Amino acid sequence: MKAYCDCDFYDFQSIESFWQTKWLEHKTFATEPISGGKKKYYVLDMFPYPSGAGLHIGHPEGYTASDILARYKRSCGFNVLHPMGWDAFGLPAEQHAILTGQAPDHNTTHNIEHFRQQILRLGFSIDWDREINTTDPDYYRWTQWIFLQLFKHGLAYVDEKPVWWCQELKSVLANEEVINGRSERGNHPVERKNLRQWVLRITAYADKLLENLNDLDWPESTKQQQIAWIGRSEGAEIQFDIEGHPDQISVYTTRCDTIYGTTYLVLAPEHPLLPKIVSKSHRDAVEHYITLTQQKSDLERTGLAKEKTGVFTGAYAIHPLTQRSIPLWVADYVLGNYGTGAVMAVPAHDERDFAFAKKFGLEIISVVHPNDSDINDPCTADIPFCNDGILYHSQEFDSLSSAQARQSITQHLESLGHGKASVQYKLRDWLFSRQRYWGEPIPILWVREEDYNKAVQLPDFYFREFIPQEPVSYQTAGITWVAIPLTSEQLPLQLPKVESYHPSDNGESPLQQAKDFCDVRIHIRTGEIQSQGHNEHGGDGWISARRETNTMPQWAGSCWYHLRYLSPKNTQALVDPKDLRYWGSPDFYIGGAEHAVLHLLYARFWHRFLFDLDIVQHPEPYPYLFHQGIILGEDGSKMSKSRGNIVNPDDIISAYGADALRLYEMFLGPLESMKPWSTHGIEGVSRFLKKVWRRILQEDGKPQNFAEKDEALMRSLHETIYKVTKDIEHLRFNTAISQMMIFVNEATQSPLRKDSAKILLQLLAPFAPHIAEELWHRLGEPFSIIHAPWPQSDPQYLNFPNSRIVIMINGKPRDEMEIPLDCSQDRAFELAKSREKIRPYLQGRGIPRIIWVPQKLLNLVLP
RNA sequence: GCCCAGAUGGCGGAAUCGGCAGACGCGUCGGACUCAAAAUCCGAUUCUCGCAAGAGAGUGAGGGUUCGACCCCCUCUCUGGGCACCA
């Protein structure tokens, strides 16, 4: 086999495919055994969803950045793990299946193959032996296993609640998947629907997820988004008695300092007490209003048109501190699923209450005024005073600050048995089931309650392994069904074959069609599962069961994939503890900012849960996270089919080569910024690569006759080593490339030693690995360039005896001079005074004030 | 409305412990090579005035601090992202 590609010009096509083949055959980027004792470095990319459209131009951006780091760290002597895999469950493959009738796994396999080929063409230093695929039963077996652990610990339950339903996708969606009343995928309208759903109790982790954010080295904006999404607020729950009624209304408020300004209460239309307390004369109006609200889409209800609506219930509550009677209203500006679904309205100090009170002519009482101004009459003001201030009209709490009053009033209410401090979150539990085919089957069997109760009494009940303390159950058609989890040995629960992938309109999954799969009988002592259709067994120990037919959402597989890369083939555990101890957390995690509250929140939740189970050692999955910026179209707008400004990576690779594409995406600008693509721009880096080629090889492809000495280049070379190294460490790839361009420009006009040329190739190798590897071998060096130790800059070439300083007059640069490094201020002034350009400024002007910054500047400030 | 990020030549972007603004690349202009073109190489390129030497202005707008501000402070405008009746 050839040692290198052996073309006489820079034939990037042949060179790139030559080295890609060689790297693959030699497993050049396979991790070393963990027993080797080397320090580890784990570089993780957000793995792609293998869509039918193939790689887009944004993929190589993040992947090149991580690859530069991976290659650099290898040269620095680290044992590097840089894996790749496929997040392959999800709607598009299923929609393709519906259109073509082909099984989704068929299409998925095809797409993965395409993605892999495209990624291979970019020359990333990936350990392909660790490739994972979330749709592989050997992978999703462990996704199901983690679900069962959640189930066992009471964190997975079934609920029948209004949920987001997308008629177009024929599936429910999580809160996080609904954007402005439309589906995150496909931008279809969504509506509320009551359905039985699996839900994960992520709210139980709200505080942990919030607190741990402090310890993460993440982009601040992403942390802020998660903080906002979790939406913790501290306040008080306050109980209001109802006139002539035994029940109490509990409200939640963060402003209990304004309680003396409460002039009415508002219940959400969904509030369970509403039908009980509404007065006879108002019943029709209230019922009509509730119906009206239910017909409204959520967009109408919470959308931009925020005209307040509502009706009086005819009932009155009693203010717990003043004993005043205050009217009870129902209005849809109060949400049923936040807080207690009821609020105390303080129109003087809340914009929404103010607007409502104005519209319906309700009373406005001001009880807080600003620290530093007179009291305005809030009844005539245009806007309420919503800031903290000083209390008045508040009995014994007058003249307290809002913050003091919140404490005192909460305590006072508590002593009266009318309230207590309370913490609320915006975060809702994670809706975890989908009525789709192409997802992980939920490994649950449903049995009748009476069968369940008998079974759990048995000492040898087979399914005890993942049983929760409180059974999970639901009722339908008068029958109560209880969930029985599969055991570890029964995983993976594989997707059954079905005739049609069409979802139904009624929220049933396509798995429902697979009768043999759904209708089974189980043996409660042996765990044996049979389909109902054949082998009529009957008899002792057998009970009939129905499979859960919902599947998991796409986010499930990506919640723990960072762990599977560590032991991708392990059949005993999701990750081998020995591998986990060695590799730990990813040292670098890069991906798009669009996952700020989806994948990144869900994965933190699952990982933290695994931490609490003692399965992982670090509470957070991704201690260090980076978002690459979006690459826009040449016109500066987002790339899209409709704009016709999409740049296809395959075309670029064919025209300029993978090295040029990699280099260009890194040269475009800071990694984290949004930046527009430019076809002219890539020609610039392509020229640079050709220039490197010509500086190292003659026209016949043989090495140049290198110089014996290149002292003149030494400073530039060592500055380049220094700057490229520092820039890689700080992910400033654009300026690293600039520095290499500067060096090559200088080396083009000056003698160059072979050793210096080799250093240049090493610095270039992480960015443009194919050309670097090719030239490296033409200079007679052994395979592979990444095994050569990273060059060190020699300080003797960076320090000079003299410094060039700027002389300024009144802050304006007028001259410069070279002086010794240790030059004193007086000496510098003497030298400056006598200079021709400076002398005229000083004549007849008295003694200047001198600003002296050693080694930088001398500023003479004239009186 | 609220939160976060940003605004620098014709274009992408450099330069932030407060110390020569415009590195590097693109584009443009001029030149070399060529019969010619491509490729390559050399030079110029923030704006205004000037033949030049040089002078003045200049980092979204306005103010402030400082000997000195793209950088720090205040106010505003615009752009991108997120949240949005969460009491």
Side-chain angles (χ1 to χ4, degrees), chain A residues 179-180 219-229 231-233 235-236 251-256 258 266 268 301-308 331-335 337-346 349-353 355-356 386 424-428 593-594 596-597 627 629-630 632 634 636 638 663-664 667-670 672-685 687-688 690-691 694 732 734-742 744-745 748-749 804-816 848-853 855-862:
Chain A
I179 317 256
N180 288 335
E220 202 49 44
S221 59
T222 299
K223 286 196 197 183
Q224 289 301 329
Q225 276 185 57
Q226 293 215 347
I227 290 170
W229 193 261
R232 182 192 151 96
S233 78
V251 305
Y252 174 72
T253 180
T254 55
R255 290 298 304 275
C256 75
T258 65
V266 193
R301 190 169 155 180
T302 65
L304 295 171
K306 284 171 187 164
E307 182 66 20
K308 297 278 182 290
D332 67 2
Y333 81 90
V334 173
L335 306 175
N337 54 1
Y338 179 79
T340 58
V343 303
M344 57 177 223
V346 185
H349 304 298
D350 181 276
E351 278 180 35
R352 298 149 301 183
D353 299 342
F356 192 80
C386 301
Q424 294 289 332
Y425 300 89
K426 287 192 211 175
L427 185 70
R428 309 286 153 77
E594 66 274 19
V597 290
H627 296 311
I630 295 171
L632 303 171
E634 198 139 15
K638 259 194 178 164
L663 202 60
Y664 181 58
F667 185 63
L668 259 177
E672 68 277 15
S673 333
M674 223 183 229
K675 48 224 164 214
W677 179 266
S678 155
T679 303
H680 283 304
I682 194 166
E683 282 166 11
V685 296
R687 267 175 224 160
F688 166 69
K690 289 179 197 157
K691 212 184 243 188
R694 285 196 308 269
R732 293 187 299 235
N734 53 334
T735 51
I737 295 166
S738 295
Q739 184 59 40
M740 289 189 272
M741 286 172 167
I742 291 169
V744 170
N745 286 342
T748 305
Q749 295 167 339
R804 182 165 286 270
I805 68 156
V806 174
I807 308 169
M808 295 173 148
I809 305 291
N810 293 334
K812 280 196 189 301
R814 295 296 178 184
D815 198 5
E816 53 182 45
R849 212 177 123 197
I850 299 172
I851 310 289
W852 171 238
V853 184
Q855 297 173 44
K856 288 228 161 127
L857 62 87
L858 178 74
N859 188 10
L860 304 177
V861 185
L862 296 167

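Here the structure is a predicted model, which is why all the values come from computation and not from measurement.
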[atom1] atoms of [N] and [M], separation to the nearest Å:
{"N": "B:U16", "M": "B:U59", "atom1": "C1'", "value": "13 Å"}
{"N": "B:U79", "M": "B:C29", "atom1": "P", "value": "34 Å"}
{"N": "B:U66", "M": "B:A7", "atom1": "P", "value": "26 Å"}
{"N": "B:G43", "M": "B:U77", "atom1": "C1'", "value": "41 Å"}
{"N": "B:C74", "M": "B:U65", "atom1": "P", "value": "15 Å"}
{"N": "B:G82", "M": "B:G9", "atom1": "P", "value": "27 Å"}
{"N": "B:G56", "M": "B:C24", "atom1": "P", "value": "26 Å"}
{"N": "B:C41", "M": "B:G19", "atom1": "C1'", "value": "37 Å"}

Set of side chain to side chain donor-acceptor pair (under 3.5 Å) partners for A:Arg804, sequence neighbours left out: A:Glu816, A:Glu818

Residues that A:Lys223 engages under side chain to side chain donor-acceptor pair (under 3.5 Å), provided they are two or more places apart: none

Closest to the A:Trp229 side chain, choosing from B:C83, B:G25, B:A14: B:C83

Minimum-distance nucleotide (side-chain atoms of A:Arg694 versus B:A55, B:A87, B:U40): B:U40

For nucleotides 27-33 of chain B, list the nitrogen or oxygen atoms of the protein found under 3.5 Å from its nitrogen or oxygen atoms, one pair per line.
none

If I compare all heavy atoms of [X] with all of [Y], which pair ends up nearest, and what's the gap?
{"X": "A:Ser738", "Y": "A:Phe667", "value": "OG-CE1, 3.7 Å"}
{"X": "A:Met344", "Y": "A:Cys256", "value": "CE-CA, 4.2 Å"}
{"X": "A:Gly636", "Y": "A:Pro676", "value": "CA-CB, 4.3 Å"}
{"X": "A:Asn745", "Y": "A:Lys691", "value": "OD1-NZ, 2.7 Å"}
{"X": "A:Ala345", "Y": "A:Val266", "value": "CB-CG2, 4.2 Å"}
{"X": "A:Ala596", "Y": "A:Thr222", "value": "CB-CG2, 3.8 Å"}

To the closest 0.5 Å, what do you measure between [atom1] ([X]) and [atom2] ([Y])?
{"X": "A:Asp350", "Y": "A:Thr253", "atom1": "CG", "atom2": "OG1", "value": "8.5 Å"}
{"X": "A:Asn734", "Y": "A:Leu668", "atom1": "CG", "atom2": "CG", "value": "9.0 Å"}
{"X": "A:Leu663", "Y": "A:Met740", "atom1": "CG", "atom2": "CE", "value": "6.5 Å"}

From [atom1] of [X] over to [atom2] of [N], roughly how many Å is that when rounded to an integer?
{"X": "A:Gln225", "N": "B:C3", "atom1": "CD", "atom2": "C1'", "answer": "10 Å"}
{"X": "A:Ile742", "N": "B:A15", "atom1": "CD1", "atom2": "P", "answer": "11 Å"}
{"X": "A:Ile809", "N": "B:A55", "atom1": "CD1", "atom2": "P", "answer": "12 Å"}
{"X": "A:His627", "N": "B:C4", "atom1": "NE2", "atom2": "P", "answer": "17 Å"}
{"X": "A:Ile227", "N": "B:C3", "atom1": "CD1", "atom2": "P", "answer": "14 Å"}
{"X": "A:Gln224", "N": "B:A84", "atom1": "CD", "atom2": "P", "answer": "15 Å"}
{"X": "A:Leu860", "N": "B:C67", "atom1": "CG", "atom2": "P", "answer": "15 Å"}
{"X": "A:Gln739", "N": "B:A14", "atom1": "CD", "atom2": "C1'", "answer": "12 Å"}

Kindly say if [X] contacts the phosphate of [N], meaning a side-chain N or O under 4.0 Å from OP1 or OP2.
{"X": "A:Tyr338", "N": "B:A87", "result": "yes"}
{"X": "A:Arg255", "N": "B:A87", "result": "no"}
{"X": "A:Arg814", "N": "B:G68", "result": "no"}

Anti or syn - B:G9, cut at 90° from 0: syn

Set out, line by line, the N/O atom pairs under 3.5 Å between protein and nucleotides 16-20 of chain B.
residue	atom	partner	partner atom	Å
B:G19	N2	A:Asn859	ND2	3.4
B:C20	N3	A:Glu816	OE1	3.4

Applying a 4.0 Å non-hydrogen cut-off, can you work out what [X] is touching in the nucleic acid: base, sugar-phosphate, or nothing?
{"X": "A:Arg428", "answer": "base"}
{"X": "A:Thr254", "answer": "sugar-phosphate"}
{"X": "A:Val861", "answer": "sugar-phosphate"}

Listed partners of A:Phe356 passing ring-ring contact (aromatic ring centres under 6.0 Å, His included), at least two apart: A:Tyr264, A:Trp329, A:Tyr333, A:Phe360

Partners meeting ring-ring contact (aromatic ring centres under 6.0 Å, His included) with A:Trp677 (sequence neighbours left out): A:Tyr664

Contact list (N/O, under 3.5 angstrom) for nucleotides 42-44 of chain B vs protein:
residue	atom	partner	partner atom	Å
B:C42	OP1	A:Gln749	NE2	2.7

Contact nearer the 5' end of RNA chain B, comparing A:Gly681 with A:Lys638: A:Gly681

Whichever of A:Gly231 and A:Lys812 has its nearest RNA chain B nucleotide further upstream toward 5': A:Lys812

Side chain to side chain contact (heavy atoms under 4.5 Å, CB included) between A:Asp353 and A:Glu351, intermediate numbers included: CA-CA 6 Å; A:Asp353 299 342; A:Glu351 278 180 35; over 6 Å; no

With 3.5 Å as the limit, what N/O pairs link the protein to nucleotides 10-13 of chain B?
residue	atom	partner	partner atom	Å
B:G12	O2'	A:Leu668	O	2.7

Partners passing side chain to side chain contact (heavy atoms under 4.5 Å, CB included) against A:Asn859 (at least two apart in sequence or in another chain): A:Met808, A:Ile851, A:Leu857, A:Val861

Side chain to side chain contact (heavy atoms under 4.5 Å, CB included) involving A:Ser221 - partner list, sequence neighbours excluded: A:Pro219

Residue pair A:Tyr425 / A:Ser233, side-chain donor-acceptor N/O under 3.5 Å: no

Contiguous Watson-Crick or G-U pair runs (3 or more, under 3.5 Å) in RNA chain B: B:1-7 with B:77-83, B:10-12 with B:24-26, B:27-32 with B:40-45, B:46-49 with B:54-57, B:60-64 with B:72-76

Set of residues satisfying salt bridge (charged side-chain N to carboxylate O under 4.0 Å, His left out) with respect to A:Lys675, sequence neighbours excluded: A:Glu61

Check against side chain to side chain contact (heavy atoms under 4.5 Å, CB included), A:Val346 and A:Arg255: CA-CA 9 Å; A:Val346 185; A:Arg255 290 298 304 275; over 6 Å; no

